[in-house]
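Structure record follows, encoded as structure tokens.
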Amino acid sequence: MALPPTYSPSEVEKRWYADWEARGAFKPNVNASQGPFTIVIPPPNVTGILHMGHALNNTLQDILIRWKRMQGHAVLWVPGTDHAGIATQNVVERQLAKENLTRQQLGRDQFIKRVWTWKEKYGSTIVHQLRRLGSSCDWSRERFTMDEGLSRAVETAFLKLYEAGLIYRGYYLVNWCPRCQTALSDEEVVHEEVKGHLWHIRYPSASGKGEGIVVATTRPETLLGDVAVAVNPKGGRYRSLVGTNVLLPLCDRSIPIIEDEAVDSTFGTGAVKITPAHDPVDFEMAKRHLELIPPNASRKDWTSIPVRVIDSDGRMSRSNVPAPYQGLDRFECRKKILEDLEAQGLLIKTEDYGTSIGHCYRCRTVIEPTLSPQWFVKMRPLAKLGIEAVEKDGMRFIPVRWTKVYLDWLRNIRDWCISRQIWWGHQIPIWYCTSCNKPDVQGHGSWVNGQYVEPGMIVGHREEIKSGNPPPCPTCGKKVSLVQDPDVLDTWFSSWLWPFSTLGWPEQTKDLNTFYPTSVLVTGQDIIFFWVARMVMAGKFFLGKIPFKDVYIHGIIRVEGGKKMSKSLGNIIDPLEIIDRVGADALRFSLAHMTSEGQDMYLSENKFLLGRNFANKLWNASRLILEKIDSKGERPISFNLRFMTVPDWWILSRLQWTMEGVTKSLSDYHFNDAAQLLYGFVWNEFCDWYLEIAKLQREDPDIAIVQNTNHLLLTVLEETLRLLHPFMPFITEELWHRIGAAESPDSTIMKTPWPTPESAWADPNKEWAFKKLQTVITEVRNIRAIFHVPPKEKVSLWVQGSQGIGILTQHEKILQRLAGIDRLMIKAKLDRPKGSVISHLPAQHGLDSWDLMVPLEGLVDLAVERKRIEKEVQDLETRAKSKRGRLEDPTFRSKAPADVVAEEEESLKELEAQMGKWAESLKQLQ
RNA sequence: GGGCGGUUGGCGCAGUCCGGUUAGCGCGUUUCCUUGACAUGGAAAAGGCCACUGGUUCGAAUCCAGUACCGCCCACCA
């Protein structure tokens, strides 16, 4: 059963994943010795395809999950997907467009059916891609934010909030995306700095006397909806004009000049045009000056005022603006208005001006702030719970700095606009009596006993309303036909329930009782507001418990050069491609290796070579170990302490430290530390040193030594595989079986216990002994390299020393093989052989210092040797000097801790001794 | 306008919370090596006044204050 010389991941990965899944290995172990450990996946959008961010996010989760599973916890990782309202609707609409259809033509019911069809067909793409990564989610518990249970949870949540008086509808200026034709929450708007202009426009005096007023604006097209011009009450040159009227250009409406604190008299011209229907600041200002609203209009009902000049499709109003502008695209209209103003001599000045403009986070369309009736959640009371979570309930962010970001957002929270004017999503569980509720009163209900009500409004569960026995209309008392509010809820309204809705809430299921609260949330900084904060509030509000104790925020992945990865830039590094090329394990290991706490990371393709090479190294190490064992046809079953060699003790000890370090690092979410420890152990200690020595030990005539070595090789490899398993699940499982560690083909490394260090085997003294050997070998190799001794040429090694010298005599074979030494001469006092190179090893690790001499008759270039020694002396001199300086400083002696002083003294003494030796050698050379 | 992060060999990054040997790693570079695990490899090596200025300290890459540049987030200056 010899292993092929290179590891080929794709076959192995496919085989093991199918196997794990088939035998239900990802399900929580009901007989677990430790308590539950739960993670809910940040549900990717159904429309999504796996990108590097997902790869990182899920790799980290899987590392924790597999680690905790091996530690014996009842581990549950709940997977699922998000219905992603707008994104999914967009995708299906685009599909329809190819058939020359619109969703309106199809009608709501048909359209939704279409989306479901799409979801059935394509919605599991990402879920399958997560499998390729090796994610050990319990797929039997997979959820979808629109599935029946979760829809029930959404309605229940809405009703509970409603009953608590936290839901209301209002007629507000909201972020409107003219392309998606829906309102968006503040968090869904992406502000981007855009180069624009500041136009100075004259509004002529209405009385004909005076110059009028000049306003500065970035959006001239909105002047058609102006209701006033405002100046600061304290200062500015227009202060005297307050109370007078000006004429709105191009429509010849007379509007007043008012005063308001919000105006900055030093900005622009000091005068601001007020367009309440299309600017949030103006809206707030207008609310402070209700007198602006024409007396014939309802003060609540802004629709009847001719101020809304841009329709929901982003074109100018068909009725509220002068004929030439009607129906024009808003940006076209801007041009035309500027031309017309210019023609009338009212455009005074055009300045370049950079301003930040809101864009739809889904389609990048420029947001049009627009007045419309929308549903909101009152956030203040909920935010209080979110703040409590960190201040009282012990929730913590890793890295901690996100705590402040989180708290700041909660402390300045604004109400959450939860209604969306799209079709794909959870329809709002509110019904209206068709005879009592008129569309034009929308958003003007009132508060009764702490609850928001509109005439004819019924709040309830879908099944109850649709059961055929709906409650009577609370207003007219009749059982007339009810129509459901057409809006759907923000996608995040279902996501914020995810940690418990996936476990069965609102039912008190066994899963909910067992696995809630979850253990840790692993996610990116970009959704702290969208998702994390809201989940915390929801968890506390609906269940009275924080949904997770730890929130691990990992960095964002960028491409080398600092840009964000994006399709349009064509700089995507596709994780699936990487998996095809180097394997999932290599991808995972590379990612973990570079994940330093919460730091953003730059990616380039060649970074995955690290993982690939490492996997290959591991594979080949196993191959080496296995080859000899298999050819002998026998497996060593035990080992005997009597036959343990110095290198054996060393590698065992190193393994213990590795176990401890990896466990500690994972506990602290220091994934990179853990990966680096393992990398270093496997490559630099196990492979570079121990395997080379093991080759020799396996040639030993004593079969006990051979057996012992083989046993040790297998033991160390097996434990290493287990330590590596969370990072590299596939290759470790494969090798674990190949080395015969599995009791039966049915067992899996996944369920083996996590290695724990044995303190008896972690022995620094034994490590030192071996390190001495390493030092000598390295030193000889160094000399050979400097003097170009051909690899096949053997050299003699003369060692002058006494203490602890046995380590060398006992390991002549190792010295011979690893350093090419054919003769070893050891004495307490030696005359330096002619033509030899000398090296003075410092005293360390409890041994006296040794002098190494390598006779290289005829090979030594004196100039090179002199240079080598001079450099050595110089280095020592520098170090000694700084130490001397410090030791001569009386304050150091009095203030520094005694052990530090002692250490310094000791090391200076040693340095001086060394320098003496080297100086002597240098003299001999001359 | 606020807040946060970064600045360490040619490149990409650890180390900084919690100050104390000779500051680590990967890539790249130089020299040598086709010795039966692995050239996706082995051996040896070169390369860093830890952005700058000042402070605290016996001692600073590490703590404090400030400066510069880069990046991110939040915010109603039209």
Side-chain angles (χ1 to χ4, degrees), chain A residues 3 5-7 191 198 215-219 222 230 262-264 266-269 271-275 279-285 353 355-356 369 399-402 404-405 408-409 412 525-526 528-529 555-556 558 560 562 582 586 590 593-594 596-604 606-607 609-610 612-628 670 672-673 676 679-680 687-688 691-692 695 777-778 781-786 788-792 817-819 844 875-876 878-879 882-883 886-887 889-897 899-901 903-904 907:
Chain A
L3 266 57
T6 44
Y7 169 58
H191 290 271
L198 192 60
V215 300
T217 180
T218 53
R219 299 202 56 197
T222 60
V263 180
D264 177 356
T266 64
F267 183 87
T269 63
V272 190
K273 56 193 274 314
I274 306 298
T275 319
D279 184 282
V281 187
D282 296 3
F283 177 70
E284 289 304 316
M285 226 186 282
Y353 185 68
T355 180
S356 113
V400 276
R401 64 169 182 273
W402 294 111
K404 189 171 150 37
V405 176
D408 283 351
W409 185 73
N412 299 304
Q525 51 190 267
D526 47 337
I528 291 179
F529 306 145
I556 300 283
R558 295 211 171 73
E560 220 158 37
V582 303
S590 303
H593 190 267
M594 61 179 111
S596 75
E597 192 182 276
Q599 221 46 264
D600 289 359
M601 52 195 106
Y602 294 157
L603 221 53
S604 60
N606 70 2
K607 293 209 164 165
L609 294 181
L610 177 124
R612 180 195 67 165
N613 295 351
F614 184 57
N616 192 249
K617 191 75 180 173
L618 190 64
W619 182 262
N620 275 290
S622 309
R623 209 157 74 95
L624 168 72
I625 293 169
L626 227 42
E627 257 173 13
K628 286 282 158 53
H670 291 166
N672 57 333
D673 287 352
Q676 279 164 35
Y679 184 95
C687 291
D688 287 350
L691 286 190
E692 293 306 319
K695 283 179 191 169
I777 291 168
T778 305
R781 282 169 169 175
N782 185 352
I783 289 168
R784 297 180 61 117
I786 288 175
H788 300 292
V789 180
K792 285 189 177 153
R817 182 72 69 94
L818 300 192
Q844 49 181 209
D875 283 0
L876 292 169
T878 321
R879 285 170 51 198
S882 79
K883 277 191 201 304
R886 217 152 10 132
L887 282 164
D889 182 351
T891 26
F892 172 73
R893 289 190 170 279
S894 59
K895 295 239 175 132
D899 56 326
V900 172
V901 177
E903 221 171 89
E904 286 287 291
S907 93

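Chain naming here is simple, since letters A, B, ... match the order of the sequence lines and numbering starts at 1 in each.
Applying the 4.0 Å criterion to OP1 and OP2 of B:U22, one finds that A:Lys883 has a side-chain N or O inside that range. Between A:Asn613 and the phosphate of B:G41, there is a side-chain N or O to OP1/OP2 separation shorter than 4.0 Å. Within the 4.0 Å cut-off from OP1 or OP2 of B:A78, not a single side-chain nitrogen or oxygen of A:Thr218 is found. For A:Arg886, no side-chain nitrogen or oxygen approaches OP1 or OP2 of B:C58 to under 4.0 Å. Between A:Asn782 and B:A45 there is a side-chain N or O to OP1 or OP2 distance below 4.0 Å. Taking side-chain N and O atoms only, A:Thr355 has a distance below 4.0 Å to OP1 or OP2 of B:A78. Listed pair A:Arg781 / B:A44 meets the phosphate criterion, a side-chain N or O lying under 4.0 Å from OP1 or OP2. Contact between the side-chain N/O atoms of A:Arg623 and the OP1/OP2 oxygens of B:C38 is found at a separation under 4.0 Å. Side-chain nitrogen and oxygen atoms of A:Lys617 include at least one within less than 4.0 Å of the OP1 or OP2 phosphate oxygen of B:G42. The phosphate of B:A37 has OP1 or OP2 within less than 4.0 Å of a side-chain N or O from A:Lys695. Contact between the side-chain N/O atoms of A:Tyr602 and the OP1/OP2 oxygens of B:G71 is not found at any separation under 4.0 Å.
Summarising the geometry of A:Ala262 relative to A:Met285, their closest heavy-atom pair is CB-CE, 4.0 Å, with the distance given to 0.1 Å. Here the closest non-hydrogen pair linking A:Ser907 and A:Lys883 is OG-CE, 2.9 Å.
Panel note: side chain A:Arg893, backbone A:Val901; no donor-acceptor pair is recorded below 3.5 Å.
At the heavy-atom level, A:Asp688 lies under 4.0 Å from the strands shown only through sugar-phosphate atoms. Nucleic acid contact for A:Ile786: none, since no nucleic acid atom lies under 4.0 Å from a heavy atom of the residue. A:Leu610 comes within 4.0 angstrom of the backbone, heavy atoms only, and of no base. Residue contacts for A:Val263: at a heavy-atom cut-off of 4.0 Å it reaches a base atom on one of the strands shown. Among the heavy atoms of the strands lying under 4.0 Å from A:Arg401 are primed sugar atoms or P, OP1, OP2 only; no base atom is included. Among the heavy atoms of the strands lying under 4.0 Å from A:Thr778 are primed sugar atoms or P, OP1, OP2 only; no base atom is included. Residue contacts shown for A:Ser907 are absent, as no nucleic acid heavy atom lies under 4.0 Å away. At a threshold of 4.0 angstrom between heavy atoms, the contacts of A:Pro897 include nucleobase atoms, whether or not backbone atoms are also involved.
Nucleotide B:A65 is matched to B:U53 when pairs are restricted to Watson-Crick or G-U wobble geometry with both distances under 3.5 angstrom. B:G71: Watson-Crick or G-U partner is B:C4, with both key distances under 3.5 Å. The partner of B:A43, taking Watson-Crick or G-U wobble pairs whose two distances both stay under 3.5 Å, is B:U31. The partner of B:C11 is B:G26, by the rule that a Watson-Crick or G-U pair needs both atom distances under 3.5 Å.
In the set B:C74, B:A78, B:A44, the nucleotide with an atom closest to the side chain of A:Phe529 is B:C74. Comparing atom distances between the A:Lys895 side chain and each of B:A44, B:C58, B:A14 picks out B:C58 as nearest. For A:Phe892, the listed nucleotide lying nearest its side chain is B:C58; candidates were B:G41, B:C58, B:C13. Here the nucleotide nearest the side chain of A:Tyr679, chosen from B:A43, B:C58, B:G26, is B:G26.
Nucleotides B:G41 and B:G47, compared at atom C1', are 24 Å apart to the nearest Å. Using atom P as the reference point in both B:A39 and B:U35, the two lie 10 Å apart (nearest Å). When the C1' atom is used for both B:C63 and B:U57, the distance is 10 Å, rounded to whole Å. For the C1' atom pair drawn from B:U16 and B:A60, the interatomic distance equals 11 Å after rounding to whole Å. Nucleotides B:G12 and B:G6 are separated by 14 Å at their C1' atoms, to the nearest Å. Taking atom P in both B:U34 and B:G71, one finds a spacing of 49 Å when rounded to whole Å. Between B:U29 and B:A75, the two P atoms lie 47 Å apart (nearest whole Å). Across B:G5 and B:U67, the matching P atoms stand 16 Å from one another, rounded to whole Å.
The interatomic distance linking A:Arg817 (CZ) with B:U35 (P) rounds to 14 Å, in whole Å.
Residue-to-nucleotide proximity on RNA chain B shows that, of A:Thr891 and A:Glu692, the 5′-proximal contact is made by A:Glu692. Between A:His788 and A:Met594, it is A:Met594 whose nearest contact on RNA chain B lies nearer the 5' terminus.
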For this session: Given salt bridge (Lys or Arg N to Asp or Glu O under 4.0 Å), test A:Asp408 with A:Lys404 step by step and report yes or no.
Result: CA-CA 6 Å; A:Asp408 283 351; A:Lys404 189 171 150 37; 3.4 Å; yes
